[in-house]
Amino acid sequence: MNALQIDLISALPELFVLTMAMVVLLLDLFIKPGARGVIDSMTQLTLLGAAYLTMTTASQGVGYAFSGMFVDDTLADVLKLMIYVSTAITLVYSREYLIQRHMYRGEFFALVLFAVAGMMIMVSGAHFLSIYMGLELLSLSLYALVALDRDNARATEAAMKYFVLGALASGMLLYGMSMLYGATGSLNLREISSSLMESSEHHSVLVLGLVFVVAGIAFKLGAVPFQMWVPDVYHGSPTAVTLFIGAVSKLSGFAFVVRLLAQGLDVLAVDWQGMLLIMAVLSIALGNVTAIAQTNLKRMLAYSTISHVGFLLLGIMSASMNGFASAMFYITAYVMMSLAGFGMILLLSRKGFEADKLDDLKGLNQRSPWFAFMMLITMFSMAGVPPTLGFYAKFTVLQSALQAGFIGVVIFAVLMAVIGAFYYLRIVKLMYFDEPKDNTPIKSSTQMKTVLSINALALLLFGLMPQSLMSLCAYAISHSLQ
Amino acid sequence: MIFQDIVFYFLAAILLLAGLRVITARNPVHAALYLVLAFFTAAGIWLLLEAEFLAIALVLVYVGAVMVLFLFVVMMLDINLDRLREGFWRYLPVAGLIGVMMAAEMVMILGVKNFGLGRVAPPAPHAADYSNTAELGRLLYTDYLLPFELAAVVLLVAIVSAIALTLRERKDSKFIDPAEQVKVKRNDRLRIIKMDAEIEAKVDHVKGKR
């Protein structure tokens, strides 16, 4: 086999998803408006096929392709599988919502597949350029998805804000990368790491580059002080897109941080630890305190995302294998929780009615005791109440921060989590102790109800036995980072 | 060497001035034209760096295509500058502080101390038959194949999103969907408005006077 063949084989899942995105785009032209279900099923099959290809090309070792720009390791494979599963769940939850709002179009599915491809490239990036291109592919698809409901003024405003701030963040990231290139003479993460190992004589240039790269990362993740876009974009986007941005794209955000900071700039850990520490503390504080004042469920979940990002950064800040594994565990738990949370909004929404106010949850127990219970599990998990998954996620992250010696920060984070529990438990109070405002029966497909129930029950199940998920994360991290 | 230095400082001075005018010019058309000037001088500096292909591409693509399009857009939009500038003084303290801080950091770090010839050796001069364009092409299709192809995909996404966000059915189309026609309800065609009874104005005495 020549080099190109090896390259193509290791990037087979990416190529498959990209090809299918174009097939979906073309096929949509020949399909009657009523038969869009075909496109939907094709997208799901694409994700299934990509999962199969990822499984079959998975290897124990670390393989590089495309002149060292693309890496195929266990971390990439595990994260890609998580991306497929969460995207498939997103599509199931979004179906009826999209049909009711005339957004059930071929472009939606094509853009989702392009975004998935962008995330896969980011997850497998081993070079500043390939990571950046993956990020841009993801971001551009997301901007378009947010604006897809184009007659909605709030959605277009959200898309505009997201686009402008996203472009600014990309600019900062590129500027930082150019500084790092100037100091190390390479864009390849492996070469950067080894050249930093040998000498760090350009330390001031490196730190300047690092500041800009970390600012870019913080913008994309939505960590304080670069969080301004998060509530507006979450609130303004169609809920199906909010679900996609809030849940699935965070997996690639995690890979983005780990690849850049833990793999490329690991020698500068002392420098970025301090930066992440400040951002983590501010995110946890601001996210939890501001969420209390929200009356809109989507905005509340946006602020809760900011505080979750703070916890994620707390795990990465430990700069140890244990810390990265706990951060990966946290992001997996977060994705499952936000899928369930936003899924519930989609379940309660109907034509011409968005169930995105806190008051819309009033008396849910009388309307549907089962789904009130599912929401209860989700909220308990987000608050970090044992024995749910969210508890173990917070626990492992705090444990690894404690091992790294940040006792004060851990105590602060626990206090803030207690404050945060207030607004999650308020939802439980609204569901169980208030009278319902409207008694419209919850109509939804059996498929969605089943998947949502499994999703929420998984939070409880993994909470009871977190070892399997934890060991998977530890395995992926220890086999990919040296 | 001295000639090249003079050319560099000449072009760099114009570039900085043009860049400054892009953000300070009151008239958006002027700002766009200053941007064109900035691109031209930047292309000149790239020529000094022996990046001939990129310099020509910058002029052809940015000045020739992008900026012309940009000028059209600027001319078609009715940009209200006063609205754009409101809040300028309110945000100035914070924005100015951050700007000054960033500029100070850059001045401290970017300079001869870290990037001078003492730190980084000047690149060896190329042979006379060295082709910048051929070398770029070779790299793009070998080492940089992945990002190059991804750039193509990003462009495709841009096309798809631009069409998805703007294409609508023609407003003047006379096509009628029978299904929509059958579904029509009374309320779609007839609107009953509640309004106060009209009182005829008294005009009698005016007539009487005449």
Side-chain angles (χ1 to χ4, degrees), chain A residues 3-4 7 11 14-15 18 21-22 25 65-70 105-108 110-111 114-115 117-118 121 124-125 127-134 136-145 147-148 150-151 156 159 175 179 182-183 185 187 201-209 211-212, chain B residues 49 84 91 94-95 97-99 101-123 136 138-169 171 175 177-180:
Chain A
L4 186 63
D7 288 354
E14 281 80 4
L15 294 175
L18 279 177
M22 291 169 208
L25 202 57
F66 292 105
S67 348
M69 290 203 176
F70 185 91
R105 297 187 281 159
E107 292 90 25
F108 178 85
L111 286 172
F114 278 123
I121 304 271
S124 275
H127 192 275
F128 277 158
L129 213 49
S130 54
I131 291 181
Y132 177 73
M133 289 314 294
E136 284 305 287
L137 184 55
L138 167 68
S139 311
L140 205 60
S141 314
L142 288 183
Y143 305 145
L145 279 173
L148 208 57
R150 56 194 180 185
D151 292 325
T156 38
Y175 191 75
M179 285 295 129
L187 289 170
E201 48 176 338
H202 299 284
H203 193 254
S204 51
V205 182
L206 288 170
V207 171
L208 181 71
V211 168
F212 279 96
Chain B
L49 290 170
L84 278 179
Y91 295 121
V94 181
L97 186 72
I98 293 174
M101 262 166 58
M102 277 168 74
E105 279 173 14
M106 285 160 147
V107 167
M108 265 157 49
I109 287 165
L110 307 179
V112 186
K113 195 174 70 132
N114 284 315
F115 289 100
L117 285 176
R119 284 273 182 179
V120 190
L136 261 178
R138 192 188 65 76
L139 275 179
L140 278 186
Y141 286 98
T142 52
D143 288 358
Y144 291 86
L145 181 67
L146 181 71
F148 182 66
E149 295 297 332
L150 283 176
V153 178
V154 169
L155 287 181
L156 175 69
V157 171
I159 297 171
V160 170
S161 2
I163 295 174
L165 295 185
T166 52
L167 183 72
R168 288 164 193 272
E169 276 163 29
K171 282 209 179 90
F175 172 78
D177 185 3
E180 292 287 319

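First the proteins, then the strands, lettered A, B, ... as listed; each starts at 1.
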Inset, instruction - Side-chain contact test, heavy atoms from C-beta onward, threshold under 4.5 Å: evaluate it for B/V154 versus A/M133 and give yes or no. - result: yes
Legend entry - Any B/L156 side-chain heavy atom under 4.5 Å of A/M22 side chain: yes
Legend entry - Toward chain A, the part of B/L165 with a non-hydrogen atom under 4.5 Å: both
Inset, instruction - Please report the closest heavy-atom contact between A/F66 and A/D7, naming both atoms and the distance. - result: N-OD1, 3.1 Å
Legend entry - Separation of B/L136 CG from B/Y144 OH (nearest 0.5 Å): 10.5 Å
Legend entry - A/F128 portion near chain B, given a 4.5 angstrom heavy-atom threshold: neither
Legend entry - Contact class of B/M108 relative to chain A, heavy atoms under 4.5 angstrom: neither
Legend entry - Gap between atom CG of A/L137 and atom CD of A/E14 - 0.5 Å precision: 11.0 Å
Inset, instruction - Compare all side-chain heavy atoms of A/L145 with those of A/L148 and state whether any distance is below 4.5 angstrom. - result: yes
Inset, instruction - Using non-hydrogen atoms and a 4.5 Å limit, figure out which bit of A/L111 sits close to chain B: side chain, backbone, both or neither. - result: side chain
Inset, instruction - Flag the one option from B/L110, B/L150, B/V160 with the top tally of heavy-atom pairs under 4.5 Å to chain A. - result: B/L150
Inset, instruction - Please state whether the side chain, the backbone, both or neither of A/F114 comes within less than 4.5 Å of a heavy atom of chain B. - result: side chain
Inset, instruction - Mind ranking B/T142, B/T166, B/I163, B/V153 by heavy-atom pairs under 4.5 Å with chain A and telling me who comes out on top? - result: B/V153
Legend entry - Engaged part of A/L25 at the chain B interface, taking heavy atoms whose separation is under 4.5 Å: side chain
